[in-house]
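What follows is one structure encoded as structure tokens, with my remarks underneath.
Remember, it's 1-based here, ligands and their atoms both numbered in the order they're listed. Starting from 1, each residue takes its place in the sequence as its number. What's counted below: heavy atoms across the whole structure, side chains too, no hydrogens, waters or symmetry copies.
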Amino acid sequence: MTVDDTLHITGGAPLYGTVPVRGSKNAVPKLMVAALLTEQPVTIRNVSFVRDIGIVADLVEALGSTTTSDPAGGVVSITARDVHLAGEGELAVFHERSRIPVLTCAPLLHRTGKAEIWRPGGCSIGERPVGFHLDVLRAFGAKDERTDTGYVLTAPAGLRGAIIDLPFPSVGATEQFLLGAVVAAGDSVLNNAAVEPEIMDLIGMLQRMGALITVKPNRSIQVTGVHTLRGVDYTAVPDRLEAASWAGLALATDGRITVSGVRQGDLSTYLNVYRRAGGDFEFSTDGGEVTFWRERPMPRPLVIETDVHPGFMTDWQPPLITALTQADGVTVLHETVYEDRLGYTEALRALGAQIQVFTECLGSTPCRFGSRNHRHSAVIVGPAKLQGTDLHVPDLRAGFSYVLAALSAQGTSTISGASLLDRGYENFRAKLLAVGAKLH
Ligand code: EPU
């Protein structure tokens, strides 16, 4: 473990300042993968140079693209003229580091007739299977063979349009569908699709590349395949998860934090909940900047259920729940997207939070996990006096919550594994220092 991997944080003081956010960590990598669908140059702007961007740049290069990056300007350019499969073992390394390589299947089947899936990595939040992705690819006519380490897929006759019903509106499976359907022969329909802003962003870029995509009001996406796609110069959607993370920090520490580079529409569900939790906010006239603060002595307890868009997104949950350990009363949480995303509450308990986790659905929507013994609901009793302690970061969003909790706690906390935060937060340490956090 490097020195850089450990943060020593002294909390207990309100934080004030401004942090810029750039393109969404959960949108830009998909835009980079979409560049594999055309031989022409693709330029993506407003890129936040989090660690995952470097991994995906290496990935598309390993698949035959040339890439150039301008981290200061936030620009990545990709030209995928001679796409080929990655070398033996090379893809395995990418799959261990990220979920994104799974999404290269549809473009690779289109460009080379072959693709591979290795046991996918990314954050450790539950099992994160790939069954929906395989269902989509099989419907497009791909054949798959199970190997010791994953799957080998082939589509010697190319991909053909299909009608597909998703059992759950999975973000990744919807992206896999889009990346395949836009160049498949004929028409395709995806029912029960995810419609997150990051997916709309992918649709926006594909449309500018020449794709024909219609999103229906009932979560159905219709695509007419086209023969070729062209290059594009595209500006990515801002990171609504990062914006909400800094908002949580303002609420938890009773500070005042301005986040620049945002888009209000993508945050509207969060903003309503934030206000009900006793926070408030104000946008700049052009809407590109928002300031968050607590408008009462203590945050207000809530009943929260995570859901697919336009519901309250799962990635917003850990920082808000951490802030609500300071609320005046009982908060009830029902996590309906991931079966195992409450592990971070143990660390909060170690800091002094009063949280109990349940296998029952503590919400009005019965979810997929209720009868399967997954600890996916929680009751949080506030306000808790948090006291600094030693913590280890298990996944990206939990990691931010530990930092948030440490900054709300009295005394000093030592957080190991903190470099995981570089996956999703650009210049993380510099931004914390900019809002006055005491850390080294
Ligand atoms: N699922 C399956 N089978 C599949 C695919 C998904 O059962 O084949 C299940 C998952 O296990 C999970 C649920 O469906 O319970 C949702 O998964 P989804 O496919 O929607 O998520 P994802 O595409 O893997 C993206 C983001 C996540 C974010 C989710 C939900 C990226 C790289 N990741 O994941 O972001 O939580 O959508 O919005 O875009 C993060 O930023 O920290 C993060 C984890």
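- Under 4.0 Å from ligand 1, not a single heavy atom of Glu335 appears.
- Gly131 counts as a contact of ligand 1, since one of its heavy atoms falls under 4.0 Å from the ligand.
- In this structure, the side chains of Ser377 and Leu333 stay at 4.5 Å or more apart for every pair of heavy atoms.
- With a 4.0 Å heavy-atom cut-off, ligand 1 is reached by no atom of His309.
- Selection from Ala173, Gly172, Pro318, Pro129 by nearest heavy atom to atom 5 (C) of ligand 1 gives Pro129.
- Using a 4.0 Å cutoff on heavy atoms, Arg341 counts as a contact of ligand 1.
- Between Tyr344 and Tyr402, the ring centre distance reaches or exceeds 6.0 Å.
- Rounded to the nearest 0.5 angstrom, Phe94 CZ and Ile55 CD1 are separated by 8.5 Å.
- The parts of His133 lying near ligand 1 are both backbone and side chain, judged by heavy-atom distances below 4.0 Å.
- If you look at Lys25 next to ligand 1, the close heavy atoms, those under 4.0 Å, all belong to the side chain.
- Residue Asp52 does not touch ligand 1, judged by heavy-atom distances below 4.0 Å.
- The option from Val171, Val130, Thr336 that lies nearest to atom 20 (O) of ligand 1, judged by heavy atoms, is Val171.
- When only interatomic distances are considered, the shortest N/O to N/O separation between Ile100 and ligand 1 does not fall below 3.5 Å.
- Atom-to-atom distance recorded for Leu229:CG and Met205:CE is 9.5 Å, nearest 0.5 angstrom.
- Geometric assessment of Arg368 against the ring of Phe168 yields a positive cation-pi assignment under the 6.0 Å and 45° thresholds.
- The structure places OG1 of Thr325 at 4.5 Å from CG of Leu386, a figure rounded to the nearest 0.5 Å.
- Contacts with ligand 1 closer than 4.0 Å are made by side-chain heavy atoms of Lys30 only, the backbone lying farther away.
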Open item on the list: Run Phe292 and Tyr274 through ring pair (Phe, Tyr, Trp, His ring centres under 6.0 Å) and show every step you take.
Closed with: CA-CA 9 Å; Phe292 294 99; Tyr274 193 76; 5.1 Å; yes
